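Bear in mind the structure is a predicted one, so any value in this text is a computation, not a measurement. Lettering of chains follows the sequences in order, A, B, ..., and the numbering in each one begins at 1.
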Amino acid sequence: MADEEHVVARESDIDDGERLIVDIKGRDVAIFNIDGEYHAYINWCAHQSGPCCEGRRTGTTDASFDRETLEQTLTYSREGEILNCPWHGWEYDIKTGECLSRSGVRLPSFPVQVDEGKIIVSF
Amino acid sequence: MTEQIERPRIIEDETMVDADVHLSISDADLIPYLDEPYKSRMKHSRLGASPRDGWDRSVSGKIEEDTAGVQSPQAIKSALCDEFHVDYPIINTFGLMSRNPEVEWSVALMRAHNDLLLDQFLDVYDEFKGLITLTTQDPAAAAEELDRVGSEKQIVGAYVHNTGPNPPLGDPIYDPIWAAAEDNGLNVAFHGSANGFMYEFPRQNQSLNQFLGVHVLAHPWSHMLTLTSLIVEGVVEKFPGLEFAFLEAGLSWVPYLMFRLNKEYSIRRSEAPLLEKSPEEYIRDQMYFASQPIEEPNEASDLNSIIDVVGADSVLFATDYPHWDFDSPDALDRHLRDAFTPEERTQVLSGNATEFFDLDL
């Protein structure tokens with residue numbers, strides 16, 4: 001069956017850095033705006049089915065280790081691009097849907113397009 | 001553990017007893033229940049009931065605990081019972097005063113927590129059951145507290161915060177508490193915490209660099225200490241009518257400790273001369289273990305084996321609502337559905353708790 005197109009909002013409804021959660025055919029779907037690009041995910045955490053898309057948006061901390069100097073360097077990056085599930089804090093990269101702590105885990109995503117100011121999600 | 005043949009009932013249709021539901025009581029909430037001079041102390045002091053330890057629970061603001069769901073019985077009904085299909089929440093106050101240095105103050109806080117629990121949370125719904133909070137610094141006072149409120153209808157057990165009490169809880173100084181619990185027909189649930197870590201494991205609290213390490217170790221270390229002490233000191237033999245539950249450390253620590261105790265007991269039996277049988281038998285006969293926080297092996301079925309070793313007749317379903325590492329019921333139930341019979345599943349979801357808390361379902 002071909003995907004259906006769902007007009008979920010107008011571009012002006014989701015400012016940069018904001019999100020909108022809508023019901024599409026009985027499913028909670030979140031649309032995020034990052035730098036004018038839209039990303040749509042199911043609001044359903046891979047961990048224990050929590051409402052992950054309602055969580056806080058932050059950046060995240062990474063580290064590198066220099067084997068020669070034995071120095072660890074901490075970095076904080078991707079501010080606004082990391083979604084933290086409100087139930088248990090599982091982190092997801094909003095641009096890719098990838099879970100930061102478990103390789104191979106990712107939020108199911110839906111194609112999003114913009115047509116004449118309308119945001120359209122397909123599934 | 002057997003092959004599943006019958007399709008399990010959906011979780012909504014199961015009776016669910018949640019062994020570990022916490023209140024979140026503020027200092028101000030306690031003022032009406034305190035007598036002077038403690039009432040005024042609470043009003044005016046910045047110390048309050050729960051001095052903090054400096055650790056950041058929020059992961060730099062990534063997670064935030066929402067305690068709105070436990071501010072009233074109606075809120076618990078809606079946020080936990082309706083949302084997660086819990087029929088019987090076993091409510092404890094999460095009182096942490098057993099780690100505190102001031103004995104009289106801790107005893108006053110214990111009584112205030114119990115009066116608040118009885119006054120505000122247990123007389124709206126028959127299904128809501130409570131655990132008496134006990135503090136351990138003055139065992140005679142704890143025993144008196146069991147006699148004072150132990151016969152209240154909605155009280156189904158005692159709650160002891162076991163990260164911080166010193167000496168460990170099998171020490172003979174605590175025997176009056178266990179005697180009073182047995183006399184009142186109330187079993188004892190131990191609950192560890194990271195909040196007591198700075199007292200129980202001060203060197204590690206000072207030297208671990210992340211809260212992750214503190215929190216991972218706080219609960220199992222506390223339970224290993226308590227369980228070992230109860231066995232080696234012979235508490236399980238002194239009070240054969242008393243059973244113990246261990247909340248908030250999951251299950252996988254149990255097989256290791258149980259088998260290690262067996263081994264050492266046979267080598268050093270004369271140091272535990274009260275015991276009449278192996279540590280494993282006492283543990284299986286008199287102890288229960290709450291599922292939350294259910295461990296997450298990369299191969300999920302590995303946990304089925306752990307549950308099987310601990311025993312479907314020894315595991316209590318628990319959510320730990322509303323804390324940040326709580327478990328949605330399905331986190332345990334997916335294992336029960338996957339690898340256990342419907343009877344074993346029912347045992348874990350309600351049967352064991354019915355026995356341990358002597359519930360009339």
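Only the side chain of A:I82 has a heavy atom closer than 4.5 Å to any heavy atom of chain B. Heavy atoms of A:R102 lying under 4.5 Å from chain B belong exclusively to its side chain. When heavy atoms are compared at a cutoff of 4.5 Å, A:T61 does not approach chain B at all.
By the neighbour-count criterion of 12 heavy atoms within 6.0 Å, atom OH of B:Y256 is sparsely surrounded, having that number or fewer from other residues, nucleotides or ligands. B:W55 CH2: more than 12 foreign heavy atoms inside a 6.0 Å radius. The 12-atom threshold is not exceeded at CD of B:Q206, counting heavy atoms of other residues, nucleotides or ligands nearer than 6.0 Å.
The aromatic ring centroids of B:Y321 and A:W87 lie 6.0 Å or more from each other.
Contact count against chain A (heavy-atom pairs under 4.5 Å) is highest for B:D327 among B:D330, B:D327, B:D66.
B:K62 NZ to A:E91 CD: the interatomic distance, rounded to the nearest 0.5 Å, is 3.5 Å.
Checked by atom type and distance alone, the side chain of A:R56 pairs as donor or acceptor with a backbone atom of B:G61 at under 3.5 Å. Checking side-chain atoms of A:Q48 against main-chain N and O of B:A331 turns up no donor-acceptor pair under 3.5 Å.
In this pair, B:F326 and A:H88 present their aromatic rings parallel. The plane angle is below 30°, not in the 30 to 60° band.
Inspection of non-hydrogen atoms places no residue of residues 109-120 of chain A under 4.5 Å from chain B.
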